[in-house]
Amino acid sequence: MFRRAAQLRSRDRQQCISGCLDYLVRRNDMQRVRIVKSIGLIGLVAASLPLCFAETFQPAPKLYGARLEDVPPWAEQGNFRFIRLDGGRIESWKAERTWWGKKFSAEEKDVLTHIYDRDFEQMLGLLKQAEFNWIWVTWSNGWSLKDEDENRENLKKVIARCHENGIHVSAYLSASNMFRKSAFRDDPETKKYGLWMHGIPLFYAGPTKTDPHISWDRRLADARKPGWRVYLLKKAELAVDAGVDAIMWDNMIGYNDGLAQLLDDTQRMAQRKAQQTGRPKVMVYANVHIAPERFAMNDINELIWEEDGKDTPGVWNGKWRVGNARKIKFLSGEKQLWQPLMYENDIYHCGHRELCVPSPPEQKLSVAEAYTFGTATSRNIEGRFLYELIKGEPQAREAWAAIAQYNHFLVEHQELYQQTEPVARIALLSAEPQNPLADEFLKQSVFFETKVLAHLDKGVPLDRFKVLVMPAALPKLTAEQKVRLNTFTAGGGVVIRAGKAEPGIAVRAEAAAGGPRLSLEPRGYVLGQLTRKPDGRTLILHLLNYDHQIPAENVKVRLDLSGLVDLPETNDLSRWEIKVLSPDAGAPQFTGLSLHGSVAEFALRRIEHYTAVTLSVKAGR
């Protein structure tokens with residue numbers, strides 16, 4: 001029988017196609033070259049097309065469902081500061097065989113190689129200085145068990161030292177990558193586990209013009225094959241035995257059903273190990289990516305990690321970049337409310353994450369933006385940043401000091417981010433992460449949340465909103481989606497259908513919602529997000545200035561809290577107290593405070609990068 005081809009994200013599709021073509025050209029197999037080119041023309045191995053034969057695969061009758069009770073308190077949103085600590089000799093070997101790592105200097109590779117042994121105590125001190133309490137380490141990235149043994153031994157000590165210092169550890173493993181010269185030599189059974197399409201072996205990334213041999217060591221494996229999953233689980237179980245707190249799968253490339261089964265198998269193993277040892281069950285997560293058709297695999301995972309950012313937040317050449325905030329809202333609409341979320345840029349404004357160090361203002365805004373919108377920042381410091389940090393170079397140390405400054409604020413004011421929820425009464429329906437209306441709503445400080453068309457059962461429940469904005473050019477609704485929308489309108493919800501270039505849609509949506517709403521003068525490049533604590537007695541207004549160069553000064557704020565449910569106190573704000581907080585230097589000041597009815601007005605003297613305003617019911621009320 002024909003099987004469906006892998007639902008690969010765009011970058012992986014391109015890399016696999018490129019690798020296949022070069023491989024076949026070298027073999028002079030022009031018939032298959034034409035096949036692969038035709039695949040590219042019809043959608044680069046689109047999942048909906050029956051493209052290849054595969055051995056019979058029988059997934060589990062019912063896949064594991066992750067549960068809130070398996071998320072420990074330290075891993076709840078707002079309670080952790082996370083950073084990647086990729087490294088070890090195996091990571092250095094991997095870098096040498098990947099386009100980004102080929103650009104590392106000998107000195108950068110040396111630090112990468114020894115970050116778990118020679119340089120670890122220095123790195124541990126830096127982690128403590130910046131108040132990180134969660135890292136991941138490179139446990140396995142595709143080498144044989146024998147070749148990865150040195151890394152495992154070093155990491156046993158790293159994990160123990162981290163736990164002694166209150167730092168939790170995830171083990172990074174690759175779900176599909178195998179370096180064939182290593183794996184085939186020492187673990188010969190892996191020769192049977194390759195991922196094929198049309199009789200063509202697939203490799204991770206294609207050769208480049210400067211190095212045509214770069215990809216041939218990185219063979220992709222097929223997670224549908226039970227032997228491959230058993231092989232991977234041996235590695236994952238060794239990580240659990242070493243004391244890690246979570247398992248993280250990367251390179252989720254291939255057939256969705258096989259990859260979902262790998263996650264299921266990992267969860268079952270984690271359950272078994274917890275029962276045997278009496279330790280808490282390790283959490284499981286994976287780099288599934290943002291695409292709605294793949295995202296459902298995250299139902300198996302306790303938390304979400306995504307690297308879909310393509311630019312540092314800010315104002316660049318006069319263009320206001322709010323793409324990360326938009327994508328975070330989209331991810332929040334795809335996931336279960338209780339699942340913690342970590343978000344990473346794989347490209348910074350200065351270049352690829354391995355090759356440059358964003359400036360201190362960029363670091364600060366990245367932290368503030370993530371926590372404002374209910375996620376946590378993830379960073380990849382492998383390469384230049386890690387090397388310069390260990391060697392004490394000024395640029396890296398200044399960036400690290402900025403991170404530490406903001407992380408300290410997160411720790412000191414943890415209540416602003418832990419167990420909070422958005423108050424928006426406007427939902428914006430999106431089929432894909434790219435939505436121009438979402439960008440406009442963000443820039444106008446419209447309080448809204450994203451409902452993802454393919455996951456209407458996830459995120460903030462639809463019945464909590466008053467207004468649903470439907471952009472133009474949505475796909476045709478399914479019967480189930482129509483039922484959900486009909487239920488929404490039957491319950492008093494208002495649906496606004498936006499035209500392709502309809503002005504004033506934000507004003508219409510806010511008027512229909514009846515509040516809450518925010519106005520800022522001058523608006524500049526400042527945007528706001530409003531959240532609250534579950535008891536409704538504390539509101540938090542987050543204000544982000546995206547202009548790295550020019551602080552926003554004398555900003556007049558008008559916050560109308562009309563329409564908030566379960567908040568009878570908003571009818572008389574005189575019973576509330578207001579505090580202004582910021583991690584930036586100097587105590588923030590506000591003037592002209594006026595509280596009347598459900599409206600608060602005041603002026604902020606300065607918003608450098610980030611300011612939080614809390615409104616709380618006075619004690620005794």
Side-chain angles (χ1 to χ4, degrees), residues 76-82 304 306 309 311-315 320-333 335 337 340-345 361-379 402-403 405-424 426 428 438-439 441-450 459-460 516 518 520 523-533 538-548 552 555 557 559 579-584 588 604 607-615:
E76 293 176 4
Q77 202 76 61
N79 287 353
F80 61 87
R81 283 80 52 205
F82 173 83
I304 313 294
E306 296 298 345
D311 199 357
T312 313
V315 179
W320 188 359
R321 303 293 187 183
V322 295
N324 287 334
R326 167 174 35 83
K327 290 177 183 176
I328 291 167
K329 282 186 176 288
F330 190 89
L331 287 162
S332 297
K335 73 181 186 70
L337 282 176
L341 173 63
M342 292 182 275
Y343 183 85
E344 180 173 307
N345 278 27
E362 292 171 79
Q363 301 285 0
K364 293 176 181 180
L365 185 59
S366 293
V367 174
E369 181 186 63
Y371 283 81
T372 287
F373 291 106
T375 182
T377 316
S378 171
R379 281 182 189 77
I403 295 168
Q405 177 183 339
Y406 267 53
N407 277 0
H408 178 72
F409 182 83
L410 298 176
V411 174
E412 188 177 8
H413 299 285
Q414 191 167 307
E415 74 282 355
L416 301 181
Y417 313 99
Q418 196 262 346
Q419 293 185 354
T420 60
E421 58 189 22
V423 303
I426 299 171
L428 176 59
D439 284 7
F441 280 14
L442 284 163
K443 292 174 183 178
Q444 295 179 51
S445 292
V446 175
F447 299 141
F448 78 100
E449 294 301 313
T450 298
V460 178
L518 173 70
L520 303 169
R523 182 181 296 169
Y525 295 108
V526 176
L527 68 78
Q529 166 81 342
L530 186 64
T531 61
R532 68 178 173 186
K533 303 295 283 186
T538 298
L539 299 170
I540 306 110
L541 175 63
H542 305 268
L543 296 168
L544 300 163
N545 177 22
Y546 279 68
D547 192 329
H548 299 307
V555 179
V557 179
L559 180 62
K579 296 180 180 179
V580 182
L581 307 164
S582 175
D584 298 319
L604 291 171
I607 304 173
E608 187 170 354
H609 303 295
Y610 171 60
T611 295
V613 181
T614 64
L615 300 90

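Values in this document were obtained by computation on a predicted structure and should not be read as measured data. Below, each value reflects all heavy atoms present in this structure, side chains not excepted, and no hydrogens, waters or symmetry copies.
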Donor-acceptor under 3.5 Å ([X] side chain, [Y] main chain):
X: Lys329; Y: Phe448; answer: yes
X: Asn324; Y: Asp311; answer: yes
X: Ser445; Y: Gly528; answer: yes
X: Thr611; Y: Leu543; answer: no
X: Lys335; Y: Leu337; answer: yes
X: Lys443; Y: Val322; answer: no
X: Gln77; Y: Leu341; answer: yes

Partner of Leu518 under side-chain contact (heavy atoms from CB on, under 4.5 Å), picked from Leu530, Leu559, Leu527, is Leu559

Minimum-distance pair of heavy atoms, taken over all atoms of [X] and [Y]:
X: Ser366; Y: Thr377; value: O-OG1, 3.4 Å
X: Lys364; Y: Ala402; value: CE-CB, 3.8 Å
X: Arg321; Y: Thr312; value: CB-O, 4.4 Å
X: Ile540; Y: Ala612; value: CG2-CB, 4.5 Å
X: Thr420; Y: Glu415; value: CG2-O, 3.9 Å
X: Gln418; Y: Lys533; value: O-NZ, 2.6 Å

Take Arg379 and Val367, measure what side-chain contact (heavy atoms from CB on, under 4.5 Å) needs, and give me the verdict at the end.
CA-CA 10 Å; Arg379 281 182 189 77; Val367 174; 3.1 Å; yes

Do [X] and [Y] have side chains that approach each other closer than 4.5 Å (heavy atoms only, starting at C-beta)?
X: Val557; Y: Leu520; answer: yes
X: Pro583; Y: His408; answer: no
X: Arg81; Y: Val411; answer: yes

What's the spacing between [X] [atom1] and [Y] [atom2] if we round to 0.5 Å?
X: Lys579; Y: Thr614; atom1: NZ; atom2: OG1; value: 6.0 Å
X: Glu369; Y: Glu362; atom1: CD; atom2: CD; value: 12.0 Å
X: Met342; Y: Leu331; atom1: CE; atom2: CG; value: 12.5 Å
X: Tyr371; Y: Gln414; atom1: OH; atom2: CD; value: 9.5 Å
X: Leu416; Y: Leu541; atom1: CG; atom2: CG; value: 11.5 Å
X: Trp320; Y: Tyr546; atom1: CH2; atom2: OH; value: 7.5 Å

Worksheet item: Using the ring of each side chain (for Trp, its six-membered ring), is His542 parallel, tilted or perpendicular to Tyr610, with breaks at 30° and 60°?
Response: parallel

Step by step, would you call Tyr406 with Asp584 a side-chain contact (heavy atoms from CB on, under 4.5 Å)? CA-CA 8 Å; Tyr406 267 53; Asp584 298 319; 2.6 Å; yes

Discussion item. Walk me through whether Val423 and Thr531 qualify under side-chain contact (heavy atoms from CB on, under 4.5 Å).
Written reply: CA-CA 5 Å; Val423 303; Thr531 61; 5.6 Å; no

Taken in chain and number order and not counting sequence neighbours, the residues that satisfy side-chain contact (heavy atoms from CB on, under 4.5 Å) with Ala552 are Val526, Asn545, Val555, Ile607

- Task: Start with the C-alpha distance between Gln363 and Gln405, add both sets of side-chain angles, then the distance that settles side-chain contact (heavy atoms from CB on, under 4.5 Å), and finish with yes or no.
- Result: CA-CA 10 Å; Gln363 301 285 0; Gln405 177 183 339; over 6 Å; no

